[in-house]
Undergrad: 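I have a structure I would like to understand better, so I am pasting it below and will then ask my questions one at a time.
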Amino acid sequence: MKIIENIFKFNGGVKAQTRKSISTKVGIQKIGIPKYLKIPLRQHIGNLPKLKVKEGDVVLKGQLIAEADGSVSAAIHAPTSGKIKSIEKILLPHPSGLPDYGVIIESDMKDKWIKKIPINWAKIGVEATIKALQNSGIVGLGGAAFPSHLKMGSKATKINTLIVNAAECEPYITCDDMVMRERSEDLINGIELVESLLGAKNTIIGIEDNKPEALSQLQFHTKSHKNISIKVVPTIYPSGDAKRLIFLINGIKIPKGKRSSEYGIQMFNVATIIAIYRYISFGEPSLSRITTISGNITKPQNYEVLFGTPLKALINQSGGQKIKNDNFIMGGPMMGFKLPSIDVPVTKAMNCVLGAEPEMIEDKKEPLPCIRCAKCAEACPVSLQPQELYWFSKSDQFEKAQEYKLFDCIECGCCSYVCPSNIPLVQFYRYAKSELISEFRAQEEADVARERNEFRIMRLERERQERAERNAKRRAQSSKEEKSKLIDEKRAAISAAMDRIKEYEKKK
Amino acid sequence: MLIAILVLILLALIIGLVLGFSSIKFKVKGDPIVEKIDAILPQTQCGQCSYPGCKPYAKAIASGEADINQCPPGGEDGVKALAELMGVEYKPLDESHGITKPKSVAFIDEDTCIGCTLCIQACPVDAILGAAKQMHTIIEKECTGCELCLPPCPVDCITMEVIEENAENWKWKYPVYSLSKKTAKVQ
Amino acid sequence: MFNQQSPFIQKTSSVTQVMLLVMLALIPGILVYVYYFGFGVLFNLSAAIITALVSEFIILKMRGLSVKNYITDGSAIVAASLLAISIPSIAPWWIIVIGTLFTIVIAKHLYGGLGSNLFNPAMVGYAALLISFPAIMTKWPQPIEYLSIHEHLNIFLYGLKEKVDGFTSATPLDFIKTQLFLGNKVIDTSSYQSYADATKIIGIGYLLGGIFLWYKKIITWHLPITFIISLFVIASIFWLIDPIQFQNPMTHILSGGSLLCAFFIITDPVSGPTTPKGKIIFALGVAVLVYLIRVFGGYPEGIAFAVIFMNICVPLIDKYSQPKVFGHD
């Protein structure tokens, strides 16, 4: 173990009040098994998984209920034992507030495990292990929910460094902090395991300097590990963004559209590493996570929650809101979103739930026009020009916005945070990105339609030609045959007539 | 006088040669403008523009035969894009060709379908599956919503269904706030 | 609706706050100014601010904008103040009123109001006055030739009468230009020495304010530092070529409001460039133009014209000075 000192500082970022200490006073507690669990099928980036159960089936804890469909997809398991009550559209914790498919399990309260099968990765080989990982249902638990097996490497890229993202830069969120304080041993074991699976030579843990307890735990447990080093990064939001953290640690700037693996680096969140470790060493698939509940909450703290547990159970357990306004935010205050409804289940991406402080949701001061002060550009960790992007997005000049690298924007919210005119800049970027993405999709669909239409025209033309050819052939053929037939018939008729004459004459 | 005439003739000859040479040397195969127009058109292939598909309409625009505002599925944005490409003034959509409808797909009521294959023949993008005397079904992903399959159906078993907002195609909305008191009151 | 999306927390800053800090930063400069040139400065300032607020109020009403939100942003007050302290302390009230109206109504609101003005409003107002009333705009009192408040008020209300003409002086830059024009090779500096000393001290007042703004992160170093260095370098080159014909560089930097320009005029965010590189280009351009107009142009002071000219170039500068986006080369 060693501590890396030198720092590469990225442009901008903001120093917001972290407000983390309010939810770290007590350790991680478990939320009891609820009567009904609503498990959405879409809990990750990628394809909807294929359902493996039907209504009325009895399932055990850890049993596969939906299998990954294609490589960019993740499996879903029963978080507890019980009966599949129904498969229907349920409300998701998503900014749209739109329903999507999910499985509702009626718990039998026995929490009976299916037979756990640990994976002997040394025996079956790395490739088979990575394949098996796809059935673990593990996705990035930092909030992005990207299927983890996809990050485990391919033959084309060689991973040298594993970076463990322990920065947790968003205000309020402390789930990774608490995990490191209480489960450092699992984390270190997991790091060893992931490192070997990736074939990485060394590991760097990137952690913000506002987590001294977690840091001392890490230092204690990594004492004897020469290949694991720790890098303490300053508390500047968004240091926990993957590409920003890589830069802070290695000084490598990875642009939009490139993966860190192309640079020999792979990054995993703390909780994800532990989940991988639990799956491979103990055969436990991804069934629960640690979620922070904080903000305007009576007892802010961290809970271990089964996926599918109603959010209400979590809220009730933590005593509900201090100041009642029934508004909750999923994720942190910088990048999270207001939950359209609290009738939603806890999902793999739910790292934090905030009871909204009144000042977070009440009518803010009305925005003034942009005065081009460029405070946003100074704060932008991607070195974009938010004031220009705002202008283009606002006036629907999406192509221009793209030219100014709109899609490099990570929506971290730093620009809106510092804007003296109080302009909701990020909202304009989200809108512009949404519009562009739907334009791309429409363009793709149009291309497919064009291709199919051209193919059809070609096919009709070909069919027409073929038919014409066939007809011509038949005509040519039939006339030849007919002629000879006709001649034959005539000849036959003549000979028949001759025969008849002969017979007639004979009779005579 | 004579020299001047000679010089001019010579000049004309040289220029003519250059022009003639470049017309052969830099000859453009096909008509790039047609491709560009076709790229803007939504490829619904619905024929509402009174041409039998998007490509023929593109050709008609390129030759000046058709106007730029005859494509209802492309909507106002489509007209704007065409106006910009062609360097002409924007004009509102000609409603005699139809109005812009929300994107929808055809849906066949499989209980009513008699398997006549008439719709299959009408579909411009081969998005209907089925054979004679067997019920037909629509490949939803490929359907452009052109409605060309509706009129031939003898039993009226095809309906158009608007694609509703779902978790996959959901979009962030334009942030609405007002700088002006007057508009705030209107809202 | 707009507060329903992240980020849900915000730094407490506002346009009002920014403008307030700018006003605070102006105070040392104004105090020194009053000390040297008398109470007329304060009359000018109050007249400008009152005119600005009244015209701003009327136009906001006419445009149907929220008067409460916009009049408190303070931008009108800042623009009017910058204009007022650029005008000689012995200017009559109607000069101030006309200049301020030009600044607020034409340069600001006719271009779309806060955030939309293409040109620096104070400099547009100043340029309009300089072109229209060159005599009044170049007549400064002798520093510390104390006039009583009463006399100042008189001048302010009724304009400068012939009999008090004796105490006015030309600015050093103006003086030298005139002398050179008359063919004098050796210039007696004593005639404007006291004026030059006064502007130096006022300049230092603005410098202090500028450092305060930089410390408060309202402005970045790019514009003022580039401007001062560029002006110094250009002036030095000419001065080394011919120290008689050309002023020494320090005089250029410490006179004629160069420091006011460096810290308060070109740092106007609305009409200026936004990128760091763009700011450097902009300040360099202003410095070159200021020097050329001062030395070779028809006007004694070139800041207003230089700034307005460079304002025209801002969209172009911004477009071609985009910083590298993270990870892109």
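None of these values were measured; they are calculated from a predicted model. Below, read A as the first sequence line, B as the second, and so on, with proteins coming before strands; counting in each chain starts at 1.
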Undergrad: CZ of C/Phe309: more than 12 outside heavy atoms within 6.0 angstrom?
TA: no

Undergrad: Indicate yes or no: at least one non-hydrogen side-chain atom of C/Phe8 is less than 4.5 angstrom from one of A/Glu357.
TA: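 No, side chains not in contact.
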
Undergrad: Which bit of C/Ile219 comes within less than 4.5 Å of chain A, counting heavy atoms only: side chain, backbone, both or neither?
TA: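 When you check distances to chain A, no heavy atom of C/Ile219 falls under 4.5 Å.
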
Undergrad: If I measure from the heavy atoms of chain A, does C/Pro273 come under 4.5 Å with its side chain, its backbone, both, or neither?
TA: backbone

Undergrad: Between A/Met334, A/Gln387, A/Lys258, which has the largest tally of heavy atom pairs under 4.5 Å with chain C?
TA: A/Met334

Undergrad: Inspect the surroundings of CD in A/Glu262 and state if more than 12 heavy atoms from other residues, nucleotides or ligands are less than 6.0 Å away.
TA: yes

Undergrad: Within a radius of less than 6.0 Å around CZ of A/Phe337, do more than 12 heavy atoms belonging to other residues, nucleotides or ligands occur?
TA: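 Yes, enclosed.
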
Undergrad: Under 4.5 Å heavy-atom distance to chain A, tell me which part of C/Thr267 shows up: side chain, backbone, both or neither.
TA: neither

Undergrad: Do you know which two heavy atoms are closest between A/Leu368 and C/Asn69, and how far apart they sit?
TA: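 That would be CD2-O, 4.0 Å.
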
Undergrad: Tell me if the OH atom of A/Tyr404 is crowded by more than 12 foreign heavy atoms within 6.0 Å.
TA: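 More than 12 heavy atoms, drawn from other residues, nucleotides or ligands, come within 6.0 Å of this atom.
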
Undergrad: Please examine the side chains of C/Thr275 and A/Gln385, heavy atoms only from C-beta on, and report whether any two atoms are closer than 4.5 Å.
TA: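 The answer is yes, as the side chains (C-beta and beyond) meet within the 4.5 Å cut-off.
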
Undergrad: Answer yes or no: are there more than 12 heavy-atom neighbours, outside C/Lys216 itself, under 6.0 Å from its atom NZ?
TA: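 No, not enclosed.
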
Undergrad: Closest heavy-atom contact between A/Gly413 and C/Pro7?
TA: O-CG, 3.5 Å

Undergrad: Tell me, side chain or backbone of A/Leu354 under 4.5 Å from chain C's heavy atoms, or both, or neither?
TA: neither

Undergrad: Just so I know, are the side chains of C/Met19 and A/Pro420 near enough to count as touching, which here means a heavy-atom distance under 4.5 Å?
TA: no

Undergrad: Taking A/Leu384, A/Asp408, A/Asn11 one by one, which has the highest count of heavy-atom pairs under 4.5 Å against chain C?
TA: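 Top option by heavy-atom pairs under 4.5 Å: A/Asp408.
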
Undergrad: What residue in C/Gly112, C/Gly113, C/Ser14, C/Pro276 has the most heavy-atom pairs under 4.5 Å with chain A?
TA: C/Ser14

Undergrad: Taking side-chain hydrogen bond (donor to acceptor under 3.5 Å, both in side chains) as the test, write out the residues that go with A/Thr292, two or more places apart.
TA: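 A/Thr292 satisfies side-chain hydrogen bond (donor to acceptor under 3.5 Å, both in side chains) with A/Asn302 only.
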
Undergrad: Does A/Phe8 CZ have over 12 foreign heavy atoms under 6.0 Å away?
TA: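 Atom CZ in A/Phe8 is packed in, count exceeds 12.
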
Undergrad: Side chain, backbone, both or neither: which part of C/Lys68 has a non-hydrogen atom closer than 4.5 Å to chain A?
TA: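 Looking at C/Lys68, nothing touches chain A.
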
Undergrad: Indicate the atoms forming the closest heavy-atom contact of A/Arg372 with C/Val270, along with that distance.
TA: NE-O, 2.9 Å

Undergrad: Examine whether an atom of A/Cys373 lies under 4.5 Å from a heavy atom of chain C, and if so say whether it belongs to the side chain, the backbone or both; otherwise answer neither.
TA: both

Undergrad: Side-chain contact, heavy-atom cut-off 4.5 Å: A/Pro171 with C/Ile9?
TA: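 A side-chain contact exists here, since the closest heavy-atom pair is under 4.5 Å.
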
Undergrad: Let me confirm one number: the CD-NZ distance from A/Glu403 to C/Lys319, rounded to the nearest 0.5 Å.
TA: 5.5 Å

Undergrad: Going by heavy atoms in the side chains, are A/Glu378 and C/Lys217 under 4.5 Å from each other?
TA: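 They are not in side-chain contact.
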
Undergrad: Can you tell me how far CD of A/Glu359 sits from CD of C/Gln10, rounded to the nearest 0.5 angstrom?
TA: 12.0 Å

Undergrad: Less than 4.5 Å to any heavy atom of chain A: does that hold for the side chain of C/Asp318, its backbone, both, or neither?
TA: side chain

Undergrad: Mind ranking A/Pro333, A/Ala374, A/Ala377 by heavy-atom pairs under 4.5 Å with chain C and telling me who comes out on top?
TA: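 With the most close heavy-atom pairs to chain C, the winner is A/Pro333.
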
Undergrad: Any donor-acceptor pair under 3.5 Å linking the side chain of A/Ser383 with the backbone of C/Phe326?
TA: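 No; judged by distance alone, with no hydrogens or angles, the pair does not exist.
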
Undergrad: Applying side chain to side chain contact (heavy atoms under 4.5 Å, CB included) between C/Ser6 and each of A/Arg430, A/Met360, A/Lys338, report the one that passes.
TA: A/Arg430

Undergrad: With respect to chain A, which residue among C/Ser13, C/Gly115, C/Ser271 yields the maximal number of heavy-atom pairs within a distance under 4.5 Å?
TA: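 Among C/Ser13, C/Gly115, C/Ser271, the one with the most close pairs to chain A is C/Ser13.
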
Undergrad: Of all the residues in residues 75-82 of chain C, which have a heavy atom that comes within less than 4.5 Å of a heavy atom in chain A?
TA: none

Undergrad: So which atom in A/Ser421 and which in C/Val15 form the shortest heavy-atom distance, rounded to 0.1 Å?
TA: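 The answer is OG-CG2, 3.3 Å.
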
Undergrad: Under a 4.5 Å cut-off applied to non-hydrogen side-chain atoms, are C/Thr274 and A/Glu388 in contact?
TA: yes

Undergrad: Using non-hydrogen atoms only, which part of A/Lys375 is less than 4.5 Å away from chain C: side chain, backbone, both, or neither?
TA: side chain

